[in-house]
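Numbers here simply count residues along the sequence, with the first being 1. On a predicted model such as this, the values are computed, not experimentally measured, just so you know.
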Amino acid sequence: MSSVKLNNGWKNLLHKTFETDTLLNLKQFLKSEKERGKVILPHSSLWFNALNSTAPEDVKVVILGQDPYPTPGHAHGLCFSVLPDVRPIPKSLINIFKELQDDLGISNSNGHLQSWAEQGVLLLNSVLTVESGKANSHQGRGWEYLTDSIIKELNQQARPIAFVLWGSYAQKKGAIIDSDKHFVLRSPHPSPLSAYRGFFGSRPFSKINQFLQQQGQEAINWQT
């Protein structure tokens, strides 16, 4: 993992975490999986794409996901996002875009959320890798320890940040967030299995922009 590029700001915040046995064991696991011929997604150059796209001092919004898409060519290191030419768009992202359309009248035709990340939206999966074709296959290997550390660091920031917790998994992971300091949005997950239980109609995008403007910050342009 030492050969994987990471933004200096995050590297400075997380250097002690990377030195723990948990992360050293994760590094060894990923190395051995590659040696066994396993295909790991996304490509190693994109494992930290979320962090490299949104430096710690630039984070205005955090959206928590679970783990990367296991379909080759889909995952590129940002939760919920796919590369511009991916069709069909994953169902959860279709529902996110449906809510965005209903909320702000914005229609997106591709699922590439890189522009969100570059405006300060940290699109963070709890687990940053997956074996091709095997959803959730790298859970419990150590990534969660790293991403918990990222959330703790952001929670300690003096400035208020908007945290978006869609579904029980994200809400459990975000339980440490100080909702007296930060703006915490909780709703059901946008998955087709749960979106109709309260994700639709939750209007997260306008609420986030209202919060940011109240803080004197620029609103997010949610157009992809």
Side-chain angles (χ1 to χ4, degrees), residues 1 3-6 22-23 25-54 62-100 108-117 121-151 164-174 187-195 197 199 224:
M1 210 181 300
S3 63
V4 177
K5 177 186 171 187
L6 177 60
T22 302
L23 269 294
N25 290 338
L26 170 63
K27 180 180 178 181
Q28 185 57 45
F29 165 73
L30 293 168
K31 180 182 177 184
S32 64
E33 288 293 277
K34 282 191 168 185
E35 289 172 349
R36 292 169 62 194
K38 300 289 185 67
V39 176
I40 296 175
L41 302 176
H43 186 274
S44 58
S45 63
L46 295 170
W47 289 354
F48 297 127
N49 190 23
L51 302 180
N52 289 330
S53 298
T54 316
V62 180
I63 298 179
L64 284 181
Q66 193 159 344
D67 73 336
Y69 296 118
T71 305
H74 283 203
H76 68 108
L78 305 181
C79 73
F80 294 106
S81 182
V82 290
L83 293 171
D85 58 347
V86 170
R87 297 293 185 279
I89 294 173
K91 292 177 181 178
S92 289
L93 188 52
I94 287 175
N95 285 341
I96 290 170
F97 285 170
K98 182 179 187 300
E99 179 62 18
L100 177 59
N108 285 334
S109 59
N110 77 77
H112 193 225
L113 308 182
Q114 188 72 37
S115 65
W116 295 10
V121 182
L122 181 64
L123 294 162
L124 184 67
N125 273 318
S126 176
V127 176
L128 303 187
T129 59
V130 69
E131 182 182 342
S132 177
K134 295 186 177 180
N136 307 320
S137 51
H138 287 182
Q139 285 193 4
R141 292 292 184 172
W143 282 123
E144 294 93 340
Y145 184 76
L146 174 65
T147 51
D148 282 348
S149 297
I150 292 167
I151 294 168
V164 181
L165 309 178
W166 287 331
S168 58
Y169 184 94
Q171 288 163 25
K172 183 178 179 181
K173 189 171 182 70
S187 81
H189 194 275
S191 158
L193 298 174
S194 57
R197 298 176 189 162
F199 173 76
T224 60

Is there side-chain contact between [X] and [Y], with heavy atoms separated by less than 4.5 Å?
{"X": "N95", "Y": "P192", "value": "yes"}
{"X": "T224", "Y": "F97", "value": "yes"}
{"X": "I96", "Y": "W166", "value": "yes"}
{"X": "V62", "Y": "V121", "value": "no"}
{"X": "P72", "Y": "L41", "value": "yes"}
{"X": "P42", "Y": "H74", "value": "no"}
{"X": "K5", "Y": "F48", "value": "no"}

Donor-acceptor under 3.5 Å (S149 side chain, Y145 main chain) =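 Here the side-chain-to-backbone pair exists.
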
Is a side-chain N or O of S81 found less than 3.5 angstrom from the main chain of L78, in a donor-acceptor match?
-> no

Just say parallel, tilted or perpendicular for the rings of H112 and H76, cut-offs at 30° and 60°.
->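 Ring orientation of H112 relative to H76: tilted.
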
Check: F29 ring centroid to H138 ring centroid under 6.0 Å =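 Close enough - the centres of the two rings lie under 6.0 Å apart.
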
What about the rings of H189 and F80, do their centers lie closer together than 6.0 Å?
-> yes

When you look at NZ of K38, are more than 12 heavy atoms from neighbouring residues, nucleotides or ligands closer to it than 6.0 Å?
-> yes

Of all heavy-atom pairs between [X] and [Y], which one has the smallest distance, and what is that distance?
{"X": "L123", "Y": "A50", "result": "O-CB, 3.4 Å"}
{"X": "L146", "Y": "L128", "result": "CD2-CD1, 4.3 Å"}
{"X": "P70", "Y": "V130", "result": "CA-CG1, 3.9 Å"}
{"X": "C79", "Y": "L124", "result": "SG-N, 3.6 Å"}
{"X": "E144", "Y": "K173", "result": "O-NZ, 3.3 Å"}
{"X": "Y69", "Y": "V82", "result": "CE1-CG1, 3.4 Å"}

How long is the straight-line distance from [atom2] of [Y] back to [atom1] of [X], given to the nearest 0.5 Å?
{"X": "L122", "Y": "T147", "atom1": "CG", "atom2": "OG1", "result": "10.5 Å"}
{"X": "I94", "Y": "K98", "atom1": "CD1", "atom2": "NZ", "result": "11.5 Å"}
{"X": "N136", "Y": "Q139", "atom1": "CG", "atom2": "CD", "result": "4.0 Å"}
{"X": "N110", "Y": "D85", "atom1": "CG", "atom2": "CG", "result": "9.5 Å"}
{"X": "I40", "Y": "S132", "atom1": "CD1", "atom2": "OG", "result": "10.5 Å"}
{"X": "I89", "Y": "S109", "atom1": "CD1", "atom2": "OG", "result": "7.0 Å"}

Would you sort out whether W143 and T129 count as a side chain to side chain donor-acceptor pair (under 3.5 Å), showing the intermediate values?
-> CA-CA 8 Å; W143 282 123; T129 59; 2.7 Å; yes

Show the numbers, then the answer: is there a side chain to side chain contact (heavy atoms under 4.5 Å, CB included) between L113 and L93?
-> CA-CA 10 Å; L113 308 182; L93 188 52; 4.2 Å; yes

Those residues at least two apart in sequence (or on a different chain) that pass side chain to side chain donor-acceptor pair (under 3.5 Å) with S53 are N49, Q114

